[in-house]
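In what follows, a structure is listed as structure tokens, so that the remarks can point back to it.
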Amino acid sequence: MLDLRFIRENSEVVRDALKKRGYDDSVVDELLKLDADRREKIKRVEELRNRRNVVSRQIGQMKKEGRDITPLQEEMKRVSDEIKALDDDLRRTNESIRDHLLNIPNIPHPSVPVGEDEEDNVEVRRWGEPPEFEFQPLNHWDIAETLDIVDFQRAAKIAGARFALMKGAGAKLERALINFMLDHNTSKGYREVFPPLLVNRDSMIGTGQLPKFSIELFRTVDPELYLIPTAEVPVTNIHRDEILQEEQLPLYYTAYTPCFRREAGSYGKDTRGLIRQHQFNKVELVKFTKPENSYDELESLTRDAEEILQKLELPYRVVVLCTGDLGFAASKTYDIEVWMPGQGRYREISSCSNFEDYQARRANIRFRRKGQKGTEFVHTLNGSGLAIGRTVVAILENYQQKDGSVVIPEALRPYMGVDVIR
RNA sequence: GGAGAGGUGGCCGAGUGGUUUAAGGCAGCCGCCUGCUAAGCGGUUGUGGGGGUAAAACCCCACCGAGGGUUCGAAUCCCUCCCUCUCCGCCA
């Protein structure tokens, strides 16, 4: 959420940001009107409240002295009624302002390239060479089914489309990758947490999933809770409504969680295989930082995620998302895309973002500088480190052998206990 | 699921309708005093918002788990909800 005062004082910046993202900017004018209206009403209602406070004190005094207070009481009755009416009015105005604010995306960082869609994302670096095969490389689902390590048929019977049943070495590969990544991340100074997988509405609003993107979420009915689409949600909300001390920052967390996504609107996309599932595992990186450090922290967070692919010796590239492709709450995002021989292209395996104070303002996460009055919002960042399912895909496809077996990357062998899946 | 207790400022803790529109203590910060230290004395200490100012100072409003209600006036009375704790039941 943006600061209303910021919008008031920098309306052109906000309008410009909305246009770059392909959003309608008329909301700015509506907000400015509501804001002026709000402040006018606050002024009036507070004057009335002040009058009521003063006179009520008088009444108490007079009553003690046994004087007649009836006329004052009658006047105050009218004042109170007026306050009540104005309060109702003001509440509606505030709600309307909040609705508008919650639906305005974050402002892209100046370094973010302007563009319409993923075609306009800009590659910033590559690592590794796509492997050469002396045979036609297979899709991961063909490899997996042959090895009998993923069963899509039975998963569909149990749950439906976009679910997978991992079996044998497939299940173990999943578990090995989780442990491997968590160990890597904790060695980089991230504190491991295992959060709730169902969260309340306030948490979803805090990180920006609600109210705008409810269609993407699975929800329980009684009580009303939401299945997390990413560990970003519960982990960022760890410090919701808190005031941190400057010395506590930066805070680094890593969490393994399953993630649940409706994938509404992606019908027909990646219908086969493990790429796009309703339930998938992910290891996440989350940072809380001081504002002046957040962009350096974004760089190091991205490098931390990249290192996992380097250790696994999987070729990848890093792209910076353009304004049109940038997520709603993000100011700047690097996608890490791993090479997938079965598809002959790079596919997203991690998304590392700086949200600046956008989530912190929604979730009310602040800090106090030593020796200074007042508070500031922290900056929040997160990135996948990494998506497990897609890493499985990358390993199966990049390490496939002519005989149908799959070699396990060396760094992963201590976790897998075997060198080859056959 | 049943029964009960409780949620007050960084912490402890008083407060059941009007000099408590949050006492007192602890901790923190500042200063003073003392040639003896975890001693004494005084002051100070939150968050958000509106106004004001060149910027301050300053003035005002709100905040005692959340939201409603009663009242001239609510931490205090009433209603709904949330959370925590204890006991019972059930349970991985």
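Chain naming here is simple, since letters A, B, ... match the order of the sequence lines and numbering starts at 1 in each. The shown structure was predicted, so the numbers you read here are calculated from the model rather than taken from an experiment.
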- Query: Per the atom types in the model, does the base of B:rG49 pair as donor or acceptor with the side chain of A:E46 at under 3.5 Å?
  - Reply: yes

- Task: Check if the side chain of A:R57 and the base of B:rU21 share a donor-acceptor pair of N or O atoms closer than 3.5 Å.
- Result: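 Indeed there is one.
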
Expressed in whole Å, how much space separates the [atom1] atoms belonging to [N] and [M]?
N	M	atom1	answer
B:rC63	B:rG4	C1'	30 Å
B:rU21	B:rG17	C1'	13 Å
B:rU37	B:rA56	P	43 Å
B:rC78	B:rC91	C1'	38 Å
B:rA66	B:rC83	C1'	10 Å
B:rU76	B:rG43	C1'	32 Å
B:rA14	B:rC88	C1'	34 Å
B:rA75	B:rG65	C1'	12 Å

[X] bridged to [Y] by N-O distance under 4.0 Å:
X	Y	result
A:K282	A:E232	no
A:K20	A:D16	yes
A:R44	A:D89	no

- Encoded 5' to 3' (Watson-Crick or G-U under 3.5 Å; [ ] crossing; | other strand), RNA chain B becomes ((((((((.[[[..)..(.....]]]((((((.......))))))((((((......)))))).[[[[[..)....]]]]])))))))....

What is the separation between atom [atom1] on [X] and atom [atom2] on [N], rounded to the nearest whole Å?
X	N	atom1	atom2	answer
A:D241	B:rG10	CG	C1'	17 Å
A:N53	B:rU19	CG	C1'	15 Å
A:K43	B:rA62	NZ	P	18 Å
A:E224	B:rC81	CD	C1'	14 Å
A:F377	B:rU47	CZ	C1'	11 Å
A:E247	B:rG28	CD	C1'	13 Å
A:D202	B:rG67	CG	P	12 Å
A:N364	B:rC63	CG	C1'	13 Å

Determine whether more than 12 heavy atoms belonging to other residues, nucleotides or ligands lie under 6.0 Å from atom [atom1] of [X].
X	atom1	answer
A:R98	CZ	no
A:Q153	CD	no
A:E116	CD	no

Please confirm whether the shortest side-chain N or O distance from [X] to OP1 or OP2 of [N] is below 4.0 Å.
X	N	value
A:N50	B:rC61	yes
A:S56	B:rG17	no
A:K77	B:rC72	yes

Between [X] and [Y], is there a donor-acceptor pair closer than 3.5 Å when you use the side chain of the first and the backbone of the second?
X	Y	answer
A:E348	A:D335	no
A:N106	A:A329	yes
A:N10	A:V13	no
A:R261	A:E216	no
A:N398	A:A394	yes
A:R52	A:M76	no

Could you work out which one of [options] sits closest to the side chain of [X]?
X	options	answer
A:R39	B:rU47, B:rG51, B:rC72	B:rG51
A:R52	B:rG73, B:rG50, B:rG18	B:rG73
A:I243	B:rG18, B:rG51, B:rU47	B:rU47
A:R366	B:rG50, B:rU47, B:rG18	B:rU47

- Strand contacts (RNA chain B) in residues 79-91 of chain A, 4.0 angstrom heavy-atom criterion: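 Residues of residues 79-91 of chain A that come under 4.0 Å of RNA chain B are, in numerical order, A:S80, A:K84, A:R91.
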
Give one of base, sugar-phosphate or nothing for [X], where a contact means two heavy atoms less than 4.0 Å apart.
X	value
A:R78	nothing
A:I59	base
A:R38	sugar-phosphate
A:R5	sugar-phosphate

- Residue whose closest nucleotide on RNA chain B lies nearer the 5' end, A:L72 versus A:R51: A:R51

- Message: Please compare A:D3 and A:E47 by the position of their nearest nucleotide in RNA chain B and report the one closer to 5'.
- Response: A:D3

